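Only a predicted model underlies this, so the values are computations on that prediction, with no experimental measurement involved. Here is the naming used below: chain letters follow the sequence lines, and residue numbers restart at 1 for every chain.
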Number of protein chains: 2
Amino acid sequence: MNRLAAFLLCTALTAPAFAQELRATGDLGVVVERATGSVLIVDQSERAAIGRVEGFGDLSHASLVFSADERFAYIFGRDGGLTKLDLLTQQIVGRVVQAGNSIGGAISDDGKLIAVANYEPGGVNIFDAETLEQVASIPAGGKALGLEDAAGRKFVFSVWDTGETKIVDMSGAEPKITTLSNIGAEPYDALVTDDGRTYIAGLFGEDGLTSIDLWAEVPEPRRILPHYGRGQEEMPVYKMPHLEGWAKAGDQIVLPAIHHHEVLWIDARTLEETGRTATHGQPVFAMARPGGRQVWVNFAHPDNDTVQVIDSMTHEIVGEMKPGPAVLHMEFTSRGTEAWVSVRDENKVVIYDTATLQPIGEIAAESPSGIFFTARAHRLGL
Amino acid sequence: MNRLAAFLLCTALTAPAFAQELRATGDLGVVVERATGSVLIVDQSERAAIGRVEGFGDLSHASLVFSADERFAYIFGRDGGLTKLDLLTQQIVGRVVQAGNSIGGAISDDGKLIAVANYEPGGVNIFDAETLEQVASIPAGGKALGLEDAAGRKFVFSVWDTGETKIVDMSGAEPKITTLSNIGAEPYDALVTDDGRTYIAGLFGEDGLTSIDLWAEVPEPRRILPHYGRGQEEMPVYKMPHLEGWAKAGDQIVLPAIHHHEVLWIDARTLEETGRTATHGQPVFAMARPGGRQVWVNFAHPDNDTVQVIDSMTHEIVGEMKPGPAVLHMEFTSRGTEAWVSVRDENKVVIYDTATLQPIGEIAAESPSGIFFTARAHRLGL
């Protein structure tokens, strides 16, 4: 066998070891295919899917985080599954079904720990990010939710049943837990601001929100925006907007109104309302394009075929698109030049140029929901 | 030849193509070795150098940007060299000496264009990021500097000799150039805020700074901080602090004072001074840890063996370290858990835990200056 023949043979032989060519990970992403328990791995630069991986269980309400090196995705399934995906080999490299019903997770700021919040049996489980071995179990006396990472190897979450927020400090040998009582009735979701400083919990059982300064020596709950909430409306909790749908645009916060066709503008410093913009429907996500120049909004059924774009300086709607039926999620490329939009009922992801608002690409996907780009690995409070 | 033999042979044969194992790029970085025209490629997770690459020319005042996929670094050398480095194969894949004396560059928001600002012969050259073919040359009538990227495939730079700022729109077939006159005498450096909205130029020839709102329909220069500058001091331009040494911590901006042993705190909204903190020496870089909880400061000769850490809430100094002689630069891991500090005259990079302020690692490097982590690929205005 001459060298060329050996070379050609070796290319085939080594295929399993080098299933993927040498590839950078800064422009990769994961699209959740909610109905089939699968995900697409996508390449932003190619505007294409580069692989599909199956076997994630129930992804009907899934989210994920990325490892610090942007190689691995940790996918949190509704069925309590925590699955570790290698984006380079496109293989599942670890999976534990760690609870009966989980609703999201977070990665510690140092990238070493994965925490998962559970409805059944409640509480938070914490795993080694490398091995997925469980390293701690934090009981909560109820349904854990609004789980976020915070600086200093901490996690913060709230408890539906008890109206408490817990700060879990994992920087020492044992977990150190601080419990804040009386954050309000039935917290249902939360967010941490992009500087990692402020934890804000949304309440289902009463109006208003609760803000906690995580930098304070003794963090204390503080009520804000007393009129924000469902009021006397009878509505199920899943109709409440995701708090991750909040956006910061410059020194304004943009909020989806609850049960109304509008978004609210809030002064980020005073947390007082400064204006409203009427929208096409009831907003679900109001997401700021990186830099905050525009806010993109999608809507609840039956208006969920539409996306509107709002100018954050004038608060006026400057664009409206109809990507197709059931727009579930949007994700921006990290410097804001493109927006990727999942259209569940047409089995596609549509890619828009944020300057022209024109579609510039499309990717086939099975009932796509969440779209997650690896740049999230570098952000606090996700 | 049996299959095993073929496999072993192929491993050797394919070594050049697969010089590096499969590797993610989200935690890589580049350390400039200023005296030897070389760079170290470092791995943040391993806290180690994983390779040295030579042949970059004069790196005595070098900076660099990363491609959107975090695979390539574009290094701007003092000698006018623009060199493209593949972080995965650890090879130089392109190099042009595009001017006599260049002082920095930028990558367009869509990642397609690299712009370089030149002292000699002046002006800005723009290159295809893929091939390094020149696509445009923007004359300036003098020394170009303070070159930054802006949203919408734009670049912004200023001209020392004419006191102008130019906005170069590369979104169409031909460059569209807008010139703003009268931005002030002898602009020497500039920055763009992290939302990509505000361009601020520092002036050597007079006191004060000039701010330009890049989102305005007709951008106009506006004077701010009228007392900031060298005043009547006789001093060379290289003693002026880099404007990239400005930091945003929450809603404050932190500025190194010129020729004084203090940093200034500015309200980010009103751009008025709100306080000062006395420091160990004359600050060079005042850099906010991601999230803004701390500001790390290094100093000019002869105080350049020291780093101080300031609490951004209290404005008090909460830590002081002596990494060694000639601390030239600092870079934080993307979620702020570590700070990497280059110590030129002890040929090392020292790694600090930002929670304990203790050293947790050290990497040998030849006269290291700038440290750049790939997460920069995802930021605006660098």
SB check B/Asp128 B/Lys112 (cutoff 4.0 Å)
no

Is A/Glu130 salt-bridged to A/Arg71, going by a charged N under 4.0 Å from an acidic O?
no

Between A/Leu28, A/Thr374, A/Asp109, the one whose heavy-atom pairs under 4.5 Å with chain B are most numerous
A/Asp109

As an exercise: rank A/Ser67, A/Ala375, A/Pro290, A/Ser171 by heavy-atom pairs under 4.5 Å with chain B and give me the winner.
A/Ala375

Check whether [X] gets within reach of chain B through its side chain, its backbone, both or neither, counting any heavy atom under 4.5 Å.
| X | value |
| --- | --- |
| A/Thr337 | side chain |
| A/Thr356 | neither |
| A/Arg269 | both |

Heavy-atom distances under 4.5 Å only: say whether [X] touches chain A with side chain, backbone, both or neither.
| X | answer |
| --- | --- |
| B/Ala355 | neither |
| B/Thr25 | both |
| B/Arg293 | both |
| B/Ile107 | both |

Check side chain to side chain donor-acceptor pair (under 3.5 Å) between A/Ser211 and all other residues, then give those that pass, not counting sequence neighbours.
none

Would you list the pairs meeting salt bridge (charged side-chain N to carboxylate O under 4.0 Å, His left out) in which at least one residue belongs to residues 330-340 of chain A, sequence neighbours left out?
A/Arg47-A/Glu338, A/Glu331-A/Arg376, A/Arg335-B/Asp149

Mind ranking B/Asp194, B/Asp43, B/Asp267 by heavy-atom pairs under 4.5 Å with chain A and telling me who comes out on top?
B/Asp267

Heavy-atom pair count under 4.5 Å with chain A, highest-scoring of B/Ala24, B/Gly111, B/Gly292, B/Gly196:
B/Ala24

Stepwise salt bridge (charged side-chain N to carboxylate O under 4.0 Å, His left out) check, A/Arg23 with A/Glu70:
CA-CA 12 Å; A/Arg23 182 188 282 280; A/Glu70 300 181 326; over 6 Å; no

Looking at B/Gln252 and B/Ser312, would you say the former's side chain and the latter's main chain have a donor-acceptor pair under 3.5 Å?
yes

Under 30°, 30 to 60°, or over 60°: which ring-plane class applies to A/Trp296 and A/Phe332, parallel, tilted or perpendicular?
perpendicular

In terms of side-chain heavy atoms, does B/Asp27 have a donor or acceptor partner in B/Ser45 at a distance below 3.5 Å?
yes

